[in-house]
J.: 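Would you mind keeping the following structure in view while I ask a few things?
Each chain gets a letter, A, B and so on, in the order its sequence line appears, and its residues count up from 1.
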Amino acid sequence: MRPIEVAITGIGALCNLGNDWQQIVASPAEDSKNFVPWPESSERPSEKAWIAPIAAPSAEKYLPQRQLRALDRFLIMSVCAVGQALEFAKLDPSDTSKKEELGLIFGTSRPEFGGFQRFASPVLEKQLQKINPGHFPLLARNAAAGQAAITFGLKGYSNTLAVNHVSGIHAIMRAADLIRLGRCRSMLAGGVECLSRLSLGHSLSYYKNHLDQTDPRFLGNQPGLVVPAEGVCVVVLEELNHALERGAQPLALIKEQEFGRSLDSGSYAKCCQQVWSRQETNRCAWVSISASGGNMPHDQIESEALATLWNGPDYAPPISALKAWTGETEAAGSAFQVAESAWVLAGHSPLRPPLRPQGSRLKEASLQQSGPSWSFLSSRDPFGNHALMTLAPASN
Amino acid sequence: MRSPVVVTGMGVVSPFGLGRNTFWENLIQGRSAIRPIEVFDAAAYKSSLGAEIPSGIRNNLSLRNQAGSPEEDATFYAYLAAEEALSDAGLGKSELENLGAQAGLMVGTLCSSSRNYEILGRKYFQGDLNGQTPVSVAPTLVAYQLAHLADRLGISGPASLSSTACASGTDALGFALDLIRLGRCELVLVGGGDIISEVIHAGFNSVFSITQDCLRPFDKNRSGFAIGEGAAFLVFESYRSAKARGANIYAEVAGYGSSNSASHLTATSKDGSGEARAIFRALADADCLKEQVDYVNAHGTATIHNDRSETLALQSVFEAHSPHLAVSSIKSMIGHCMGAAGALEAVATVLSIHQGVIPPTINFQEREDYCKLDLVTNDARKMQVRSALSNSFGFAGNNASILFTQPQ
């Protein structure tokens with residue numbers, strides 16, 4: 001029996017570059033530094049520090065005014081991205097047969113900090129009469145997936161994964177496996193992250209040496225700029241036959257996927273080589289890395305490991321490091337890697353020009369390669385967790 | 001035909017103390033571990049009840065060193081349970097190293113690290129951070145538990161963490177099952193640790209879910225639950241691998257199902273349809289007839305919403321078999337261990353099959369009129385259990401069910 005192929009057929013996203021995927025891809029590259037100064041209301045690491053928030057999402061299409069007033073922004077962002085992804089894939093949430101089956105998996109890193117800030121301050125300050133029970137569910141990391149499920153009636157498989165920056169791609173991998181196992185034929189999956197005053201306070205230590213740098217730096221060992229950011233990115237995954245039967249247009253196919261742990265560049269290089277060696281081609285059209293520009297130890301492991309893959313004299317793929325423009329969107333960032341790679345394999349222009357590293361073993365290359373072209377995604381977090389994925393063009 | 005997945009090891013740290021045997025012996029004796037909370041001052045809340053890990057374990061420096069001195073209690077308990085599970089399965093560090101990427105780790109937790117961000121929050125609300133977090137950064141993140149366990153135990157294969165509120169543990173079990181079925185791993189250490197945090201206690205107090213006397217799941221006069229803490233891990237392994245190394249097999253992991261009720265962020269589905277969907281999917285995944293299921297280890301939180309929807313869900317799935325379906329909730333004894341509940345209850349479910357004994361729902365007095373289930377109340381019951389289901393339902397509509405059967 002042939003293994004089930006999993007296709008990506010829709011994208012929904014919000015980040016500092018725009019409030020839906022079309023806005024994001026159309027955002028002019030010259031506006032690349034779409035960052036705003038670190039708010040004065042929060043403790044600032046320096047005058048030079050930036051953040052990358054989302055402009056107020058327009059969610060009237062999906063949620064009534066009453067709910068818009070009551071719901072946390074984190075939930076509203078998630079609902080918007082899921083709604084957009086369904087529309088992109090032309091999946092009608094009011095179709096009862098689909099609704100019964102469609103499931104949703106989110107990955108997230110530290111969204112509960114916002115909910116914690118709202119619910120917990122009277123608890124910690126021992127002003128128990130001020131506790132608002134309505135804010136209590138915001139402490140649950142799965143609240144975003146739950147609210148989206150309520151809004152669109154998604155009653156299929158449901159999960160929320162929390163593995164820092166790789167959570168978004170973990171969610172996509174888990175959803176793809178549910179389809180491969182025949183548990184369902186379509187899923188929504190992605191990552192979500194939301195800024196809050198408490199998360200910014202936490203970032204003071206988390207990204208300590210990187211908040212007051214001037215520019216992102218990649219593929220080296222000098223500290224670069226990290227911009228704390230928020231975002232949400234959701235993709236629609238479908239069994240390829242299911243997508244074709246209903247006339248959907250797949251953007252790309254998910255081929256190899258692997259997640260695990262690697263604490264040094266040697267062991268990560270081995271994982272990268274194993275994943276890449278299982279491909280049907282040695283041509284890679286597009287490499288997407290998770291580095292945010294800070295050149296932190298986990299970024300350095302990533303660049304050293306990848307350098308062992310394409311170090312021949314005649315070929316090196318272009319490298320996308322989207323976080324240089326979106327900021328460090330953590331869990332959402334790894335889902336953005338999947339979405340952008342699928343978009344490029346479908347023949348569209350990348351969201352931003354690929355990296356042009358100077359003096360690196362990873363060289364610049366043209367996007368126009370002959371023969372089949374694949375995409376290779378590498379995602380890492382500061383705790384040693386990694387995720388690797390390859391995508392193929394849907395025509396493959 | 002897919003290769004079966006089996007349980008070859010289990011470890012527990014519970015409010016009864018250290019070890020799986022301590023846990024099981026107290027459960028079948030019907031003892032309660034519910035008492036006033038000591039770890040923080042709970043006097044100002046409507047209820048100050050909880051089921052804490054005994055202070056002799058919590059404050060044991062030798063055990064903490066053994067666990068690699070984790071900066072977070074849920075991770076500490078999780079390590080102890082994981083170590084027992086691996087030892088029970090006959091797996092040492094060298095065996096795990098030989099398995100390499102074929103050995104995975106899956107964690108389910110909700111409140112792990114929450115005491116650390118309580119410390120962080122307290123400083124922050126006082127405007128007293130001064131660019132520094134008062135605790136190390138890593139243990140303020142829930143993924144700390146996963147990283148600490150993987151590094152300390154030498155697991156380098158697939159590792160992930162599920163956080164679906166009170167369904168976290170069972171969703172992690174389902175994730176582990178699928179990794180083995182897909183051939184991504186030969187074995188997965190799966191479970192999780194969780195703790196009582198003041199903020200979560202305050203939250204459940206604010207929504208009137210915490211009892212002021214005792215837990216009475218499925219009783220007409222139920223009054224809510226108390227939060228418990230603990231950890232449990234199971235070794236899920238391909239039958240092929242277990243057989244090859246002559247491992248002891250406790251049970252087969254036959255099926256898993258999940259759903260979202262898609263109805264309310266905090267309440268269960270009114271008619272039990274969301275919960276029923278997860279149960280139905282678990283049975284279908286296992287290709288199991290409903291008449292073959294002898295026991296359900298219920299989510300059984302002793303709240304009106306849960307008990308009603310779970311009862312209706314079970315009755316709608318099992319129909320005429322409902323009066324023959326033995327049902328109990330161990331939360332009546334150890335409280336609601338949040339993200340670790342699913343793993344702890346899975347261990348109890350597997351032991352029910354293995355030992356032929358069902359632990360009771362204690363404190364039970366009066367049945368609801370609508371309940372047609374065979375409730376196992378107040379005393380353990382000896383009976384052969386061929387197949388048993390463990391249910392977990394969480395905030396945000398997450399429902400998860402896992403089915404274990406006697407090994408073939």
Side-chain angles (χ1 to χ4, degrees), chain A residues 43 45 103-104 109-110 113 116-117 119-121 123-126 128 131-133 136-137 139-143 145-147 149-150 153-164 170 174 177-178 180-181 183 197-198 201-202 204-206 258-263 267 271 381 383-385, chain B residues 44-45 101 104 110 117-118 120-122 124-125 129-133 137-138 140-144 146-147 150-151 155-165 171 175 178 181-182 198-200 202-203 206-207 258-266 274 277 281 285 394-399:
Chain A
E43 190 179 338
L104 171 60
S109 177
R110 43 180 190 153
F113 279 56
F116 185 85
Q117 183 183 309
F119 178 77
S121 56
V123 178
L124 301 180
E125 290 163 3
K126 294 288 178 196
L128 303 187
I131 289 175
N132 181 345
F136 180 43
L139 292 178
R141 293 173 194 91
N142 58 336
Q147 185 58 52
I150 292 167
L154 308 172
K155 296 178 178 175
Y157 278 77
S158 179
N159 206 337
T160 294
L161 304 174
V163 200
N164 302 327
H170 269 215
R174 173 68 175 135
D177 274 353
L178 288 170
R180 289 188 185 104
L181 278 163
R183 288 189 182 278
R197 284 173 54 215
L198 188 59
H202 189 253
L204 295 176
S205 291
Y206 202 14
E258 183 196 298
F259 64 98
R261 293 185 54 76
S262 48
L263 302 175
S267 56
C271 297
D381 80 351
F383 287 11
N385 297 299
Chain B
Y45 297 100
L110 170 61
Y117 54 81
E118 283 176 7
L120 170 73
R122 213 167 255 131
Y124 186 76
F125 299 137
L129 274 184
N130 297 321
Q132 298 286 330
T133 48
V137 174
T140 56
L141 296 163
V142 70
Y144 173 76
L146 181 76
D151 293 347
I155 295 175
S156 59
S160 196
L161 187 147
S162 175
S163 193
T164 47
D171 279 324
F175 199 156
D178 287 353
R181 279 184 177 171
L182 278 161
E198 180 169 359
V199 169
I200 299 292
S206 73
V207 294
S258 143
S259 73
N260 196 295
S261 295
S263 58
H264 197 276
L265 270 186
T266 55
R277 203 169 283 113
R281 285 178 181 150
D285 184 40
F395 265 19
N398 277 94
N399 306 306

J.: With chain B as the partner, which of A:R180, A:R183, A:R110 has the greatest number of non-hydrogen pairs under 4.5 Å?
T.: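 Looking at each of A:R180, A:R183, A:R110 in turn, A:R183 comes out on top.
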J.: Could you walk me through whether A:R174 and B:D178 satisfy the side chain to side chain contact (heavy atoms under 4.5 Å, CB included) test, starting with their C-alpha distance in whole Å, then the side-chain angles of each, then the deciding distance to 0.1 Å, before giving a yes or no?
T.: CA-CA 9 Å; A:R174 173 68 175 135; B:D178 287 353; 2.8 Å; yes
J.: What pair of heavy atoms forms the shortest contact from B:A262 to A:A149, and how long is it?
T.: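 Heavy atoms only, the tightest pair is CB-O, 3.3 Å.
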J.: Side chain, backbone, both or neither: which part of A:R197 has a heavy atom under 4.5 Å from chain B?
T.: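 A:R197 touches chain B through backbone and side-chain heavy atoms alike.
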J.: A:L104 versus chain B, heavy atoms under 4.5 Å apart: side chain, backbone, both or neither?
T.: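 It is neither, since no heavy atom gets under 4.5 Å.
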J.: With a 4.5 angstrom heavy-atom cut-off, could you sort out which part of A:N385 is near chain B: side chain, backbone, both or neither?
T.: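 Interface part for A:N385: side chain.
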J.: Select one option (side chain, backbone, both, neither) describing which atoms of A:P137 are under 4.5 Å from chain B's heavy atoms.
T.: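 When you check distances to chain B, atoms from both the backbone and side chain of A:P137 fall under 4.5 Å.
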J.: Go through B:L110, B:N399, B:V142, B:V207 and name the one with the most non-hydrogen pairs under 4.5 angstrom from chain A.
T.: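 Of the candidates given, the most pairs with chain A belong to B:V142.
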J.: Say whether, by atom type as modelled, one donor and one acceptor occur between the side chain of B:Y124 and the main chain of A:H202 under 3.5 angstrom.
T.: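 Flag not set: sc B:Y124 to bb A:H202 has no pair under 3.5 Å.
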J.: Closest heavy-atom contact between A:K155 and B:R281?
T.: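 Nearest heavy atoms, A:K155 then B:R281: O-NH1, 3.1 Å.
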J.: In terms of the angle between their ring planes, are A:F113 and B:Y117 parallel, tilted or perpendicular, with boundaries placed at 30° and 60°?
T.: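 A:F113 vs B:Y117 ring planes: tilted.
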J.: Is any side-chain heavy atom of B:L265 closer than 4.5 Å to a side-chain heavy atom of A:I150?
T.: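 A side-chain contact exists here, since the closest heavy-atom pair is under 4.5 Å.
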J.: Ignoring hydrogens and geometry beyond distance, is a side-chain donor-acceptor pair present between A:S158 and B:N398 at under 3.5 Å?
T.: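 There is such a pair (donor and acceptor under 3.5 Å, judged by atom type) between the side chains of A:S158 and B:N398.
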J.: Taking all non-hydrogen atoms of both residues into account, name the closest pair between B:S163 and A:A162 and its distance.
T.: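 Scanning both residues completely, I find the closest heavy atoms to be CB-CB, 4.5 Å.
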J.: Which atoms of A:F119 are under 4.5 Å from chain B, going by heavy atoms: the side chain, the backbone, both sets, or neither?
T.: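 Only the side chain of A:F119 comes within 4.5 Å of chain B.
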J.: For A:S267, enumerate each residue passing the side chain to side chain donor-acceptor pair (under 3.5 Å) test, keeping only those at least two apart in sequence or located in another chain.
T.: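 Testing A:S267 for side chain to side chain donor-acceptor pair (under 3.5 Å), a comparison that skips the adjacent residues, returns A:D264.
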J.: Mind checking the CZ-CG spacing from A:F383 to B:L146? Nearest 0.5 Å is all I need.
T.: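 With rounding to 0.5 Å, CZ (A:F383) is 9.5 Å from CG (B:L146).
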J.: Under a 4.5 Å cut-off applied to non-hydrogen side-chain atoms, are B:L161 and A:H170 in contact?
T.: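 No. Closest side-chain heavy atoms not under 4.5 Å.
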J.: Between A:E258, A:R141, A:E125, which has the largest tally of heavy atom pairs under 4.5 Å with chain B?
T.: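 Top count of heavy-atom pairs under 4.5 Å with chain B: A:R141.
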J.: Name the option with the most non-hydrogen atom pairs under 4.5 Å to chain A; the candidates are B:G274, B:A396, B:G397.
T.: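 Sorted descending by pairs with chain A, the first entry is B:A396.
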J.: Using a 4.5 angstrom heavy-atom cutoff, name the option from B:G157, B:G121, B:A202, B:S160 with the most pairs to chain A.
T.: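 Result: the option with the highest number of such pairs is B:S160.
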J.: Against B:S162, only a single residue in A:N159, A:T160, A:N142 fulfils side chain to side chain donor-acceptor pair (under 3.5 Å); can you say which?
T.: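 Looking at A:N159, A:T160, A:N142, the match for B:S162 under the side chain to side chain donor-acceptor pair (under 3.5 Å) is A:N159.
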J.: How many angstroms lie between atom CZ of B:F175 and atom CG of A:D177, to the nearest 0.5 angstrom?
T.: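 Answer rounded to 0.5 Å: 7.0 Å.
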J.: Can you tell me which of B:L182, B:I200, B:I155 forms the most heavy-atom pairs within a distance under 4.5 Å of chain A?
T.: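 That would be B:L182.
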J.: Check whether any side-chain heavy atom of B:T266 lies under 4.5 Å from a side-chain heavy atom of A:F136, and answer yes or no.
T.: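 They are not in contact (no side-chain heavy atoms under 4.5 Å apart), so the answer is no.
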J.: May I ask you to name which of A:C271, A:A143, A:S121 has the most heavy-atom pairs under 4.5 Å with chain B?
T.: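 Looking at each option in turn, the highest pair count goes to A:S121.
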J.: Using heavy-atom distances under 4.5 Å, tell me whether A:L161 contacts chain B through its side chain, its backbone, both, or neither.
T.: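 Both backbone and side chain of A:L161 come within 4.5 Å of chain B.
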J.: Report which part of B:A101 has an atom under 4.5 Å of a heavy atom belonging to chain A: side chain, backbone, both, or neither.
T.: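 Neither; nothing under 4.5 Å.
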J.: Got a second to check how far A:R261's CZ is from B:D151's CG, nearest 0.5 Å?
T.: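 Atom-to-atom, A:R261:CZ and B:D151:CG are 4.0 Å apart.
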J.: Can you name the residues that form a side chain to side chain donor-acceptor pair (under 3.5 Å) with B:S258, not counting sequence neighbours?
T.: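 Not a single residue meets the side chain to side chain donor-acceptor pair (under 3.5 Å) criterion with B:S258.
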